[in-house]
Amino acid sequence: MPIYHPSICTQRDPKLLVGCGAHILDLQTVVKDGILGGAQKLDLKEMIEELESSIEVPSVFICPISLEPMQDPVTLCSGQTYERSNILKWFSLGHLTCPTTMQELWDDSVTPNRTLHQLIHTWFSQKYLALKKRSEDVQGRVLELLDSLKKVKGQARVQSLKDLRHVVTAHSSAKKMVVDNGGVALISSLLGSFTSHAVGSEGVGILVNLDLNSELKKNLIQPTRISLIADILNEGSIETKINCTKFIKMLTEGDASTIENVSSLSLLVGLLRMVKDQRHPNGVTAALTLLRTLCSNESIRKQLVGIGAVAKLGGALSGLNAESLESALYILDVLSSLPEGRLALKNCEDTVRNLVKLLMKVSEICTRFALSILWAVFKLAPEECSVLAVEAGLAAKLLLVIQSGFNPELKQRSAELLKLCSLNYPDSIFISKCKLTRTIQ
């Protein structure tokens with residue numbers, strides 16, 4: 001008859017570390033208090049599936065074969081413990097060794113490790129019940145705050161909104177609770193012509209974190225609310241600015257017809273200010289992302305040119321990261337499709353110089369946008385712009401594009417630009433501009 005060897009978890013101190021931190025589970029205590037047995041047990045498999053991805057499971061509960069929590073632990077004659085189905089499969093493959101120690105087994109029988117099973121079940125039950133309690137607490141807190149918002153005013157209203165925003169950002173279950181219990185309509189009703197910026201900032205901070213359907217979005221796109229959001233964006237903290245930007249972007253998703261309804265000169269000015277303030281890269285990225293969406297509308301493109309977007313975006317190019325740079329170049333490329341956009345580009349020498357510097361520097365997409373913008377400017381004023389661009393090093397950059405692995409369309413555009421540039425110079429001088437003098441000699 002095989003000798004039973006206790007598993008690793010029962011060879012230790014009778015007190016077992018069963019959680020993260022310093023939570024100790026004493027076997028005698030849990031038996032005495034009736035935690036093990038007595039009450040109807042929760043389904044272990046369901047608890048593991050719900051909890052495993054969100055908590056760190058103690059290593060003694062993990063099967064060495066599957067590296068997953070054990071539901072039916074059994075111990076071998078070697079003293080090692082495994083999930084029953086895993087070790088039986090190991091034996092069915094012809095192995096008569098212990099998978100952990102690789103020592104030969106004199107007996108392939110398995111002994112249920114009931115103590116470890118009880119510990120596993122108790123540990124998961126505690127975590128599961130705590131999770132459910134927190135969830136119920138969150139739901140109760142959401143309902144309490146929504147009810148409070150119907151009654152309070154002034155600073156008390158601001159505090160209730162702030163508390164609700166913290167709950168919503170911390171717990172995913174709270175988001176659905178707000179939507180399902182009329183929270184969107186309630187918060188929307190607080191956003192109007194006479195709403196303080198403190199209330200508006202907290203309200204937008206909540207709404208931007210919710211999953212809104214098309215009907216809810218439609219109800220939010222009201223002139224007074226959009227005007228308030230634009231004002232808050234211009235005057236709020238950087239966190240508020242980003243929330244307002246993301247919120248307006250969210251309102252336009254899936255319905256291009258709403259773009260003109262959410263845009264205004266005040267909003268566009270605020271977004272360009274965010275782009276200029278490069279102390280906050282997240283704000284720059286958010287602003288450019290929204291501007292990229294808004295400039296799909298022709299009337300908004302004209303407004304952007306009218307408020308100096310070309311010069312502002314062109315001047316910011318050198319300080320942008322790759323993601324923001326692609327959006328900025330896309331916007332400039334779209335604006336260059338307008339006659340007034342091309343004229344603004346021609347009159348902005350810094351933008352032309354920055355575009356030349358970007359060729360072959362970041363990505364093929366950025367190079368394509370930069371070439372497209374330069375081409376639009378060259379067509380407007382070939383002599384003036386080509387001289388400025390060549391002096392900034394365009395000819396050498398174009399040769400690099402032609403010799404690169406970029407697509408044929410880009411190479412063709414580069415060759416055409418290079419030919420256009422050469423018309424303003426004698427051959428010997430243009431060759432020097434291309435930095436080919438040494439090669440020819």
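Note that the coordinates shown come from a computational prediction; the quantities given were computed from them, not determined experimentally.
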### Task
Rounded to the nearest 0.5 Å, what's the gap from CG on L399 to CG on L359? Could you check?
11.5 Å
### Query
What are the two closest non-hydrogen atoms of K241 and G236, and how far apart are they?
CE-O, 3.2 Å
### Task
Check the pair L233 / N243 against side chain to side chain contact (heavy atoms under 4.5 Å, CB included), numbers first and verdict last.
CA-CA 8 Å; L233 183 143; N243 281 340; over 6 Å; no
### Message
Within the structure provided, determine whether C366 and E326 are in side-chain contact (heavy-atom separation under 4.5 Å).
### Response
yes
### Task
Grab the two heavy atoms, one from L329 and one from I373, that are nearest each other, plus how far apart they are.
O-CD1, 3.6 Å
### Query
Do V377 and S336 pass the side chain to side chain contact (heavy atoms under 4.5 Å, CB included) test, and can you show the C-alpha distance, the side-chain angles, and the key distance before you say yes or no?
CA-CA 8 Å; V377 180; S336 71; 5.9 Å; no
### Pairwise distance OG1(T97) to CG(L76) - rounded to 0.5 angstrom
9.5 Å
### Task
May I ask you to decide if P223's main-chain N or O and S227's side chain share a donor-acceptor pair within less than 3.5 Å?
no
#### Entry: Flag, side chain of H117 to backbone of Q71, donor-acceptor distance under 3.5 Å
yes
### Message
Measuring from atom OH of Y330 to atom CG of L313, what distance do you get when rounded to the nearest 0.5 angstrom?
### Response
13.5 Å
### Query
Does K397 reach the main-chain N or O of K357 with its side chain, forming a donor-acceptor pair under 3.5 Å?
yes
### Side-chain H-bond candidate by donor/acceptor type, T122 with S125, under 3.5 Å
no
### Message
Quick check on D211: does its CG atom have over 12 non-hydrogen neighbours (other residues, nucleotides or ligands) under 6.0 Å away?
### Response
no
### Message
Is there a salt bridge (charged side-chain N to carboxylate O under 4.0 Å, His left out) between R165 and E239? Walk through the geometry before answering.
### Response
CA-CA 13 Å; R165 176 170 62 84; E239 180 185 6; 3.6 Å; yes
### Message
Strictly distance-based, threshold 3.5 Å: is any side-chain N or O of R353 a donor or acceptor partner for the main-chain N or O of A389?
### Response
no
### Message
Check this for me, if you would: do R141 and D163 make a salt bridge, where the nitrogen-to-carboxylate-oxygen distance has to be below 4.0 angstrom?
### Response
yes
### Query
So K249 and E253, salt bridge (charged side-chain N to carboxylate O under 4.0 Å, His left out) or not? Walk me through it.
CA-CA 7 Å; K249 177 72 168 65; E253 288 174 349; 3.7 Å; yes
### Task
Establish, from distance only, whether the side-chain atoms of Q155 and Q159 form a donor-acceptor pair under 3.5 Å.
no
### Message
Between K411 and S404 (side chain of the first, backbone of the second, donor and acceptor by atom type, cut-off under 3.5 Å), is there such a pair?
### Response
yes
### Task
Would you name the heavy atoms of P73 and L116 that are closest together and state the gap between them?
CB-CD2, 3.9 Å
### Message
Rounded to the nearest 0.5 Å, what separates atom CZ in R413 from atom CG in L374?
### Response
10.0 Å
### Message
Just to verify, which of N113, T100, T75 counts as forming a side chain to side chain donor-acceptor pair (under 3.5 Å) with Y82?
### Response
T100
### Query
Side-chain donor-acceptor pair under 3.5 Å between S160 and S148, yes or no?
yes
### Task
Drop me the distance from Q103's CD to Q80's CD, to the nearest 0.5 angstrom.
7.5 Å
### Message
Looking at A316, is its backbone amide N or carbonyl O close enough to the side chain of Q278 to form a donor-acceptor pair, meaning the two atoms are under 3.5 Å apart?
### Response
yes
### Task
Would you kindly say whether S266 and N234 are connected by a side-chain donor-acceptor distance under 3.5 Å?
yes
### Message
Looking only at side-chain N and O atoms, does N321 offer a donor or acceptor that is under 3.5 Å from a partner on S324?
### Response
yes
### Message
Taking the basic N atoms (NZ, or NE/NH1/NH2) and the acidic carboxylate oxygens, is any pair closer than 4.0 Å for K45 and D43?
### Response
no
### Task
Mind checking the OG-CD spacing from S173 to Q139? Nearest 0.5 Å is all I need.
6.0 Å
### Query
Going by atom types alone, do S372 and D333 pair a side-chain donor with an acceptor below 3.5 Å?
yes
### Task
Decide yes or no on salt bridge (charged side-chain N to carboxylate O under 4.0 Å, His left out) for R273 and D277, but give the supporting numbers first.
CA-CA 6 Å; R273 285 175 180 166; D277 185 3; over 6 Å; no
### Query
So, the side chain of T195 versus the backbone of L190: is there a donor-acceptor pair under 3.5 Å, distance only?
yes
### Query
Are the charged groups of R368 and E364 less than 4.0 angstrom apart, N to O?
no
### Task
Could you verify whether a donor N or O on one side chain and an acceptor N or O on the other, from T101 and S78, lie under 3.5 Å apart?
no
### Summary
Closest heavy-atom pair, A392 versus V356, reported as atoms and distance to 0.1 Å, is O-CG1, 3.5 Å
### Trace of the side chain to side chain contact (heavy atoms under 4.5 Å, CB included) decision for S85 with D72
CA-CA 8 Å; S85 60; D72 186 9; over 6 Å; no
### Summary
On a heavy-atom basis, the closest approach of C77 and D107 is SG-O, 3.5 Å
### Query
Judged by atom type as modelled, is there a donor-acceptor pair below 3.5 Å linking the side chain of T285 to the main-chain atoms of N282?
no
### Task
Could you tell me whether the side chains of N209 and T169 share a donor-acceptor contact shorter than 3.5 Å?
no
### Query
How far apart are the closest heavy atoms of V334 and C295, and which atoms are they?
CG1-O, 3.7 Å
